[in-house]
Each structure stands twice: as structure tokens, then as C-alpha cells.
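Worksheet: one structure, shown below.
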Amino acid sequence: MSNPLPRHYGLFIDNEFVEPAGDDLLDVDNPATGEVWARVPDASAEDVDRAVRSARRAFSEGDWPGYRAADRAKLLIRIGEAVAEHAEELADLQVRENGKLHREMYGQAKLMPEYFNYYAGLAQQPLGHTNPLHLSDMINYTVREPLGVVAAITPWNSPLLLLAWKLGPALAAGCTVVAKPSEVTPVSTLRFAEIAAGCGLPPGVLNVVTGLGQPSGAALTGHPDVDKIAFTGSTATGQAIASVAGRTLKRVSLELGGKSPNIVFEDADLDSAVNGLVAGIFGASGQTCMAGSRILVQDGVYDRVVDELARRAEAIVVGDPTDAASQMGTIASRAQLEKVLHYIQVAKDDGARLAAGGEPATVPGLPNGLFVRPTVFADVTNDMKIAREEVFGPIASVLRFDSEDDAVRIANDTEFGLAAGVWTQNVQRAHRVSGRLRAGTVWINNYRKSGYSTPFGGYKQSGIGRENGPDALREYTEEKSVWVDTGQGVKDPFNPRA
Ligand code: NDP
């Protein structure tokens, strides 16, 4: 994994790497070693404009508008096959960027083709209707047409999978795309675009601009020729994007933050529940929007669950993300590590009881690695900051509840509504509680599952719109209503008997 010299990348526009207008570069470092291994352009508004113009050109001229649905489907399948062939390389790049476990990034790379295959199938499904009318001698039908140029803005936690969530339906619909990956993880997206171009993607259909949220991301979201913004990231940035989009009424889909409750009832299978709690908050070092960061446990099993969770947290092997023996990798960036450590201090100051972890972890041989110990806070109350704000790290907050009503009240007492878990062996309770939770996903006796065929997105401030599933295609299309006269010609409207 060591690299003698940082490699320089360009922007990816019109299927080739191009030099940016300015000289500003961003370092890409490996959070496990601290080594700077790549440099990418910090794109200016001029660079962004060039990428958007390329996407616009590809949308309205050249080969892409002539692609039939079947052609787009074949292309998506080819891209999926190429990703599978390059899964190891794409996993390595992402691990070098964000420090997540190699096996998780490899697993995601192997899964990505399934997303492209699914949208290849959907590209060929009927999307329109013929509509029954109150009029005679008329036919009305609706067609769904591609929205246009899509800005796909992605975060660092799962750079390529979250791009695939956008790219699958966007390309299936016939849109063109300008992707802006996180400044922390730009290289994997550049390499992905190069691989996709090699599959025969017409120039301009997928462009990549690298750079900071400000100015590159903001230049992209404010660009008048962008029709839609598909964004995954923090609620704060999502709010800023939605307000910019509002000025020109761009379409938006926003997949934002969470503070998801993972609720354990006394009648749960506790072994299974604790496994689900561990997976929910310590998987991916807690750096996932769907992290089960608020663990709600019923009185009668509270102490047992806290003790077992703390024991399991202490036993997690934090280490080199490329080592198969490691169970948790790094935090993705120094800024994010500082945020995690800040919240640990805030939780202590607010009176939460530290039951495990609570400090940086040292890993032999990796003195500059951004590691933190899996952390459990017990006796958290729902008014504490640690229960209200998204940390995006391996910090579990455990809260106590006494009744089902109490659990639902606490679970819903949040500005977020992305996901929730319910652990109980009572089938009536499982469905009853699920129905009362204000969240876009509810997992019953499992946690942290997602898939291409199932919609994912948030209630409340966790987002707008849904990714994945059949309806995601609608998010990348406009609906057109077509009226056809099948009568004997139109009469003079002011003298209909003539
Ligand atoms: P952001 O929401 O700031 O970043 C997500 C993406 O948006 C990145 O590509 C970022 O670029 C870009 N961006 C930032 N500002 C703008 C802007 N004004 N206009 C357009 N694009 C913009 O997340 P961070 O990376 O800063 O992480 C901060 C917190 O966000 C985390 O601690 C976590 O709580 C949450 N988060 C949530 C995620 C989720 O999956 N829901 C994923 C990642 C983070 P750049 O990185 O270059 O600034």
C-alpha cells in the first residue's frame, strides 16, 4: 500500500483527464498511515462550468440522446461487469482514502454490479400510462423523459456505492452526470469514471470534478444548467443545497443524517439483539448515515445489555484496515476524528456514564493512524447532545425506557427520521411499533440492511426522496402528458356549429 510519490490526477471531462484552469491542488491522504498518496485539482467555478457544459452537450447532442433504453441497459450491464473485474482495485483505492475495512469496501465493490443490473432491467420497463378520460375522441398518455444534467454529490463513507445509487437510475433514465466526490475520497470516483468510459460511455455522459464543497460543490449546485442535484451528506449541507436549488427550482434528492434508535424490548432474543447493536453502531466505525447510534433498552434487561455491549466494544480489534484480522479501521479524516473526540468530551460533560472506550486507539506500526476506541455511553438521556446530534463515529449512546409508549416517544423525539431497529419476539409488538416509528426504514430483529430493490431515504430532516427501488427512476425523469385528438378535426371554438 505504500506509494513513493503522490500521483497527480486531473479532472475527468469528456472521457479524459484534463488539467484544471487553476493550479490549486488538494492532498489525498491515507488515514491509516498519514501518507499523502495523491493530489487532485481543487476545481474552480470555471472547471465546473466546463464539466456542466460537457454534460449538457452530451445530453442534447451526439450519440447519447439516440441511445434506446436497450442500449442504455447494455451499457449499464457492461459497467457492472467492469466494476466486478476491478473490484479489488476499487476497494483498495477507497480503503486508502477513507480507512474503512478492506473487506467492507471490497464487498461493496462486488455488490455494485447488482445495482447497475437492476437499473438495466428497469430501463426497459414501461414508465408511462394511457389515462382514462372524461372526453371522447381523445387519447391521453404520459411519458417519462430524462431530467437532464444531474449533479451527483457524494460523501466519503461509501464513495462508489453511493455514486452507484445515483448513477444507476440516472443513466437508465437517459440523464447525464457531473459527479463531485468528497475532497477526502476523490480518486476512487475518478478511476471509476475512467473504467466506465472504457465500457463505451459516450463522452460527457459522466464527468467528475474534484474539489472542496466550497467553491467546487457550491459552483455545481448553483450552476443554472444543472437540472437536478442528487446529494448524500450532512443535514446542514443538504439544507444549504436545498435552498440554493430553490432559486432555480432544481429537482433535489437528499439523503442526509440520522440519529437512529435501535430499540431492545425485554422479550427480545438478547444474543441476536446485541449482535445487531454492535453491527449497527460499530460497523464501518459508525461512519454511516444509518448507524444505530441511539440504543434504547427496556428496564428489565438494561444492565445486562449495557454490560454485554461494553464487553463486546472492548473486544473489537481496531487496526490496519487492510489486515483481515482487523474488525474496525480508521476514522476517515482528521476533521472527523476531532469531531468524534469532541462529542466524547461533550457526552462526559453532560453526565453520560462511559462504559467502554472513550479515547483514541493506538495501533502498533501505524502511529499516525486516525483510530478511536469503540465507545459506549450508558445512562444517556434524550436531551443530551450525544443523543440529539449526529456524530458519525463509533459512539453508542444507551438510553433506558420502561414501556412501549415510552420507547416510541423517545425514538420519535428527534429531528431525524432515517432508520430504526426493533428487537422483540412478539410479532404483534414488532409491527405495531414499526408502524408508529417516524423513519424511512425499520429493521425488525436485524439492522443495517439495504439493497438495490428497496427504497432508502429519510423522514423529517433525514432527507427528501428515495434512492434505490423501482421508484428511484422517477427521481431522474420528468413526466409529460400528451393529448391526441382522434376525432374529425377541431371545430371553431367560437362557432362550434359551423
Ligand atoms: P458534507 O455534507 O459537508 O459533505 C458531503 C458532500 O457535499 C461532499 O462531497 C462535500 O464536499 C460536499 N459539499 C460540502 N459543502 C457543499 C456545498 N455548500 N455545496 C455543495 N456541496 C457541498 O459532509 P462532511 O464530509 O463535511 O461530513 C460532516 C458530517 O456530515 C459528518 O460528520 C456526518 O455527520 C455527516 N455525513 C453524513 C453522511 C451520510 O451518509 N448521510 C455522509 C458523510 C457525512 P467536500 O467533502 O469536498 O467538502
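Just follow the structure's listing: the first ligand is 1, and inside any ligand the first atom is 1. Index from 1, following the sequence.
Ligand 1 has an N or O atom lying under 3.5 Å from an N or O atom of Leu256, backbone or side chain. Some N or O of Glu390 is nearer than 3.5 Å to an N or O of ligand 1, by distance alone. Considering backbone and side-chain N/O of Gly233, one or more are found under 3.5 Å from N/O of ligand 1.
Taking every heavy atom of Leu212 and a limit of under 4.0 angstrom, the matching atoms of ligand 1 come to 47 (O). Close contacts of ligand 1 with Pro155, meaning ligand atoms under 4.0 Å from a residue heavy atom, involve 42 (C), 43 (C). Atoms of ligand 1 found under 4.0 Å from any heavy atom of Gln214, numbered from 1 in the order shown, are 18 (N). Contact atoms of ligand 1 toward Ala218: 19 (N), 20 (C) (distance under 4.0 Å to a heavy atom of the residue). Against a heavy-atom cut-off of under 4.0 Å, Lys180 is close to the following atoms of ligand 1: 9 (O), 10 (C), 11 (O), 45 (P), 47 (O). Using a 4.0 Å cut-off to heavy atoms of Gln336, the atoms of ligand 1 that qualify are 31 (C), 32 (O). Remark: ligand 1 atoms within the under-4.0 Å shell around heavy atoms of Cys289 are 39 (C), 40 (O), 41 (N).
Nearest protein heavy-atom contact of atom 26 (O) of ligand 1 is Trp156 NE1, 4.9 Å. Nearest non-hydrogen protein atom to atom 48 (O) of ligand 1 is Gly213 N, 3.1 Å. Protein heavy atom at the shortest distance from atom 9 (O) of ligand 1 is Thr154 O, 2.9 Å. For atom 6 (C) of ligand 1, the closest heavy atom belonging to the protein is Phe231 CE1, 3.6 Å. Closest protein heavy atom to atom 12 (C) of ligand 1: Ile153 CG2, 3.7 Å. Atom 20 (C) of ligand 1 has Gly217 C, 3.3 Å as its closest protein atom, hydrogens excluded (heavy atom only). Protein heavy atom nearest atom 16 (C) of ligand 1, with residue, atom name and distance: Thr237 CG2, 3.4 Å. Scanning the protein heavy atoms around atom 44 (C) of ligand 1, the nearest turns out to be Phe392 CE2, 3.8 Å.
For Arg191 and Glu97, the salt-bridge test fails: no basic side-chain N is under 4.0 Å from an acidic carboxylate O. Here Asp14 pairs with Arg57 in a salt bridge; the nearest charged N to carboxylate O distance falls below 4.0 Å.
With a 4.0 Å cut-off on non-hydrogen atoms, Lys339 touches ligand 1 through its side chain and not its backbone. Of all the heavy atoms of Pro181, the ones lying under 4.0 Å from any atom of ligand 1 belong exclusively to the backbone. Residue contacts with ligand 1, taken as heavy atom pairs separated by less than 4.0 Å, involve Ser234 via backbone and side-chain atoms alike. Using a 4.0 Å cut-off between heavy atoms, Leu162 makes no contact with ligand 1 at all. Counting heavy atoms under 4.0 Å from ligand 1, residue Val244 does not touch it at all.
The environment of Glu89 atom CD is dense: over 12 non-hydrogen atoms of other residues, nucleotides or ligands sit within 6.0 angstrom. Annotation for Lys339: atom NZ counts as buried by contact number, over 12 foreign heavy atoms lying within 6.0 Å. The number of heavy-atom neighbours closer than 6.0 Å to CD of Glu314, taken from other residues, nucleotides and ligands shown, is above 12.
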Problem set entry | Criterion salt bridge (charged side-chain N to carboxylate O under 4.0 Å, His left out) on Arg96 and Asp92, from CA distance to verdict | CA-CA 6 Å; Arg96 263 196 218 185; Asp92 282 349; over 6 Å; no

For this session: Might you work through the side-chain hydrogen bond (donor to acceptor under 3.5 Å, both in side chains) test for Ser253 and Lys228, ending with a clear yes or no?
Result: CA-CA 8 Å; Ser253 46; Lys228 177 193 163 91; 2.8 Å; yes

Exercise. So Lys166 and Thr232, side-chain hydrogen bond (donor to acceptor under 3.5 Å, both in side chains) or not? Walk me through it.
Worked result: CA-CA 10 Å; Lys166 296 161 182 55; Thr232 303; 2.6 Å; yes

For this session: Decide side-chain hydrogen bond (donor to acceptor under 3.5 Å, both in side chains) for Ser158 and Lys100; before the verdict, give the C-alpha distance in whole Å, the side-chain angles of both, and the deciding distance to 0.1 Å.
Result: CA-CA 9 Å; Ser158 295; Lys100 277 169 77 170; 3.2 Å; yes

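Counting only N and O atoms by type, the side chains of Asn262 and Trp443 include no donor and acceptor under 3.5 Å apart. Using a 3.5 Å distance cut-off with no hydrogens or angles, the side chains of Lys180 and Thr189 do not pair a donor with an acceptor.
For the side-chain hydrogen bond (donor to acceptor under 3.5 Å, both in side chains) criterion with Asp227, the lone passing option out of Lys250, Arg56, Arg251 is Arg56. Screening Arg388, Lys259, Arg438, Arg294 for a salt bridge (charged side-chain N to carboxylate O under 4.0 Å, His left out) involving Asp413 leaves a single residue, Arg388. Only one option out of Phe192, Tyr119, Tyr476 pairs with Leu167 in a side chain to side chain contact (heavy atoms under 4.5 Å, CB included); it is Phe192.
Taking a distance limit of 4.0 Å, we find that atom 30 (O) of ligand 1 is approached by some protein heavy atom. For atom 4 (O) of ligand 1, the nearest protein heavy atom lies 4.0 Å away or farther.
Counting heavy atoms from C-beta outward, Leu26 and Pro186 have side chains that stay 4.5 Å or more apart.
The shell of residues lying under 4.0 angstrom from ligand 1, judged by heavy atoms, excludes Val184. Ligand 1 is approached by Gly211 to a heavy-atom distance shorter than 4.0 Å.
The nearest pair of heavy atoms linking Cys289 to Ser260 is O-OG, 4.5 Å.
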